[in-house]
S.K.: 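This is the structure, below, for whatever I ask next.
Along the sequence shown, residues are numbered consecutively beginning with 1. Keep in mind that what you see is a predicted model, and the values were worked out from it rather than measured.
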Amino acid sequence: ILEDDLAAHEQGQEMPAPLEIMRAQETEMPAGISVHYVGFQRDYLQGSQITKRVITSSVNQLQLDLPIALSDTAARRLVRKLMDNAWTARTSYRFRAGIEQVKLDPSDVVKVRVNGAYHMMRITKLDFGTPGILQCEGVAERVTLLPVIEGETAADKEASPIYEEGDEQPAPDEIPA
């Protein structure tokens, strides 16, 4: 989205800033995240993966209890992606666009150009105002959120789903009811 498509406003009204950029305080961010899951590689016993941010003044801990079966590698990848995403999404955006951007949906990743700089963001909220003004909110996004897992090679990380090719996955008939 180019700068010319931003700062939509009603005729006679003051033109808003093309892009508002906000940043959450470090103390609001997670210092650690733990994920608890069903470890199908260990006879469906509970598994746990933890990641911590080493340099931060935050003390917040986030714990997720997932009722799904995961391999240890998939859970480790997930917890690291959650931490990376939380800190990346620390930067949030707000902008107003014209009706020509009506094709946008929440969860779309867009690149917005303002003052020659590009801002990659995931749309989180859209409000249709009058007359034909689209109010958008989003958070910073890195398309390459692929944390390094010990023993992985670049080829192992080509795709970024939780389960990747080569990961051991439970067969549907192995998952307990």
S.K.: To the nearest 0.5 Å, how far apart are CD in Q61 and CD1 in I33?
M.R.: 9.0 Å
S.K.: Report the distance from atom NZ of K125 to atom OG of S92, rounding to the nearest 0.5 Å.
M.R.: 12.0 Å
S.K.: Will you find, in the side chains of E26 and T56, an N or O donor that is under 3.5 Å from an N or O acceptor?
M.R.: yes
S.K.: Whether the side chain of E3 engages the backbone of N115 through a donor-acceptor N/O pair (distance < 3.5 Å, no angle test) should be reported.
M.R.: yes
S.K.: Are V109 and V139 linked, directly or through intermediate hydrophobic residues, by side-chain heavy-atom contacts shorter than 4.5 Å (ILVMFWY only)?
M.R.: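 Per the 4.5 Å side-chain linkage, V139 and V109 are not co-clustered.
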S.K.: State the OH-CZ distance between Y118 and R113, to the nearest 0.5 angstrom.
M.R.: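 Between atom OH of Y118 and atom CZ of R113 there are 4.5 Å.
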S.K.: Under the side chain to side chain contact (heavy atoms under 4.5 Å, CB included) criterion, do R94 and I21 qualify, and how do the steps go?
M.R.: CA-CA 7 Å; R94 190 175 313 140; I21 303 173; over 6 Å; no
S.K.: Looking at side-chain heavy atoms only, is the closest gap between T27 and V59 below 4.5 Å?
M.R.: no
S.K.: Locate the shortest heavy-atom distance separating M83 from G32; write the atom from each residue and the value.
M.R.: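 Closest pair (atom of M83, atom of G32, distance): CE-CA, 3.6 Å.
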S.K.: Check this for me: Q25, atom CD, are more than 12 non-hydrogen atoms of other residues, nucleotides or ligands nearer than 6.0 Å?
M.R.: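 Count not over threshold, so no.
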S.K.: Does V38 form a side chain to side chain contact (heavy atoms under 4.5 Å, CB included) with I68? I'd like the steps, not just the answer.
M.R.: CA-CA 6 Å; V38 178; I68 58 175; over 6 Å; no
S.K.: Which residue pairs satisfy the ring-ring contact (aromatic ring centres under 6.0 Å, His included) criterion with at least one member in residues 55-99, sequence neighbours excluded?
M.R.: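 Those involving residues 55-99 are Y93-H119.
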S.K.: Keeping the roles fixed (side chain from R90, backbone from A24), state whether a donor-acceptor pair exists under 3.5 Å.
M.R.: yes
S.K.: Which atoms form the tightest heavy-atom contact between S48 and Y37, and what is the distance?
M.R.: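 Where S48 meets Y37 most closely, the heavy atoms are N-CE2, 3.4 Å.
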S.K.: Check the hydrophobic clustering (I, L, V, M, F, W, Y; side-chain heavy atoms under 4.5 Å; chains of links allowed) and say if L19 and L126 are grouped together.
M.R.: yes
S.K.: For a quick test of reading the model, state the closest non-hydrogen atom pair linking T88 to R142 and the distance between them.
M.R.: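 What the structure gives for the nearest pair is OG1-NE, 3.3 Å.
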S.K.: Can you list the steps and then say if V114 with V112 is a side chain to side chain contact (heavy atoms under 4.5 Å, CB included)?
M.R.: CA-CA 7 Å; V114 176; V112 176; 3.9 Å; yes
S.K.: Measuring from atom CZ of R96 to atom CE of M15, what distance do you get when rounded to the nearest 0.5 angstrom?
M.R.: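 Between R96 CZ and M15 CE, I get 11.0 Å after rounding to 0.5 Å.
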S.K.: Report yes if some heavy atom in the side chain of L82 is under 4.5 Å from a heavy atom in the side chain of L64; otherwise report no.
M.R.: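 SC-SC contact between L82 and L64 confirmed.
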S.K.: Using modelled atom types only, decide if a donor and an acceptor are shared between the side chain of D108 and the backbone of D105 within a distance under 3.5 Å.
M.R.: yes
S.K.: According to the salt bridge (charged side-chain N to carboxylate O under 4.0 Å, His left out) rule, which pairs have a member within residues 38-63, sequence neighbours left out?
M.R.: R42-D72
S.K.: With no hydrogens and no angle check, just 3.5 Å: does a side-chain donor-acceptor pair link R80 and T51?
M.R.: no
S.K.: Closest heavy-atom contact between P30 and S58?
M.R.: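 Answer, listing the atom of P30 first, then S58: C-OG, 4.1 Å.
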S.K.: Treating Ile, Leu, Val, Met, Phe, Trp and Tyr as nodes and any side-chain heavy-atom pair under 4.5 angstrom as an edge, say whether M29 and I50 lie in one connected cluster.
M.R.: no
S.K.: Could you please spell out the steps behind the side chain to side chain contact (heavy atoms under 4.5 Å, CB included) verdict for R122 and T124?
M.R.: CA-CA 6 Å; R122 178 174 27 91; T124 57; 4.0 Å; yes
S.K.: Please identify each residue that fulfils side chain to side chain contact (heavy atoms under 4.5 Å, CB included) with Q101, with sequence neighbours left out.
M.R.: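 So Q101 forms a side chain to side chain contact (heavy atoms under 4.5 Å, CB included) with I1, D5, A97, K103, L104, L134.
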S.K.: As an exercise, state the distance from CD of E137 to CD of E20, rounded to the nearest 0.5 Å.
M.R.: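 Output value for this atom pair is 9.0 Å.
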S.K.: Given the rule that I, L, V, M, F, W and Y join up when any side-chain heavy atoms are under 4.5 Å apart, are M22 and M120 in one cluster?
M.R.: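 Different hydrophobic clusters.
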S.K.: Would a single hydrophobic cluster contain both F128 and L6, if residues Ile, Leu, Val, Met, Phe, Trp and Tyr are joined by side-chain heavy-atom contacts under 4.5 Å?
M.R.: yes
S.K.: Which heavy-atom pair separates G98 from A8 by the least distance, and what is that distance?
M.R.: N-CB, 3.7 Å
